[in-house]
Amino acid sequence: MTVALMWEARAAQGRGGELLAWARTQDSSGSPLRRETFRAPQDRVLVITWWDARYDADLPELPEPPPDLVSRPVHRWRFESVGEG
């Protein structure tokens with residue numbers, strides 16, 4: 001089964017570039033099948049990692065950024081693949 005972990009944060013005013021750089025340097029312990037980093041308006045950063053694991057597996061999560069770098073707590077979601085079609 002494939003599980004996707006989504007991590008999303010919103011930067012403090014004017015610190016979007018710093019949050020993006022910080023997220024890119026975070027090494028989730030373990031080796032995901034795939035990892036992608038995205039950015040969006042309002043200085044939001046999204047990191048998705050894909051794992052070959054059960055939905056309830058104990059998987060490494062990206063940490064919380066330094067408090068002064070974000071404008072709100074990080075949002076986290078977990079999804080399992082249901083295949084195509």
Side-chain angles (χ1 to χ4, degrees):
M1 168 184 299
T2 302
V3 175
L5 301 183
M6 296 177 66
W7 177 100
E8 187 262 346
R10 185 172 177 187
Q13 181 82 25
R15 301 195 65 191
E18 291 174 75
L19 179 60
L20 178 60
W22 180 89
R24 287 179 143 174
T25 64
Q26 300 310 299
D27 181 26
S28 56
S29 57
S31 298
L33 299 171
R34 182 172 152 197
R35 176 180 168 153
E36 286 192 58
T37 303
F38 302 86
R39 65 179 171 187
Q42 300 176 328
D43 288 332
R44 290 178 292 142
V45 175
L46 172 68
V47 178
I48 306 174
T49 55
W50 287 262
W51 303 86
D52 182 17
R54 297 179 333 274
Y55 182 82
D56 60 350
D58 184 22
L59 296 170
E61 297 267 359
L62 281 144
E64 292 288 324
D68 63 324
L69 196 53
V70 292
S71 63
R72 61 163 169 74
V74 168
H75 293 175
R76 300 171 193 274
W77 300 275
R78 184 177 285 223
F79 294 89
E80 65 182 343
S81 175
V82 294
E84 297 295 321

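- You'll find the side chain of Pro63 stays beyond 4.5 Å of the side chain of Trp7, heavy atoms only.
- For Arg24, the CZ atom is loosely surrounded, since the number of other residues' heavy atoms within 6.0 Å does not exceed 12.
- In Asp56, the CG atom is crowded: over 12 heavy atoms of neighbouring residues, nucleotides or ligands sit closer than 6.0 Å.
- Atom-to-atom distance recorded for Trp50:CH2 and Met6:CE is 8.5 Å, nearest 0.5 angstrom.
- The two atoms that bring Pro60 and Leu5 nearest to each other are O-CD1, 3.6 Å, heavy atoms only.
- Here the side chain of Arg10 pairs a donor or acceptor atom with the backbone of Gln42 at under 3.5 angstrom.
- If you chain together hydrophobic residues whose side chains sit under 4.5 Å apart, Leu62 and Ile48 never meet in one group.
- Around the CZ atom of Arg15, the shell of radius 6.0 Å holds more than 12 heavy atoms that belong to other residues, nucleotides or ligands.
- Hydrophobic clustering (side-chain heavy atoms under 4.5 Å, transitive across Ile, Leu, Val, Met, Phe, Trp, Tyr) groups Leu33 together with Leu46.
- Closest approach of Ala53 to Val3, counting heavy atoms only: O-CG2, 3.1 Å.
- Using a 4.5 Å heavy-atom threshold, the side chains of Val47 and Arg35 count as touching.
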Working for side chain to side chain contact (heavy atoms under 4.5 Å, CB included), residues Asp43 and Leu19: CA-CA 8 Å; Asp43 288 332; Leu19 179 60; over 6 Å; no
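- At least one donor-acceptor pair closer than 3.5 Å links the side chain of Arg78 to the backbone N or O of Tyr55.
- Of all non-hydrogen atoms in Phe38 and Glu36, the two that sit nearest each other are CZ-OE1, 3.3 Å.
- Between the OG1 atom of Thr2 and the CH2 atom of Trp51 there is a distance of 12.5 Å, given to the nearest 0.5 Å.
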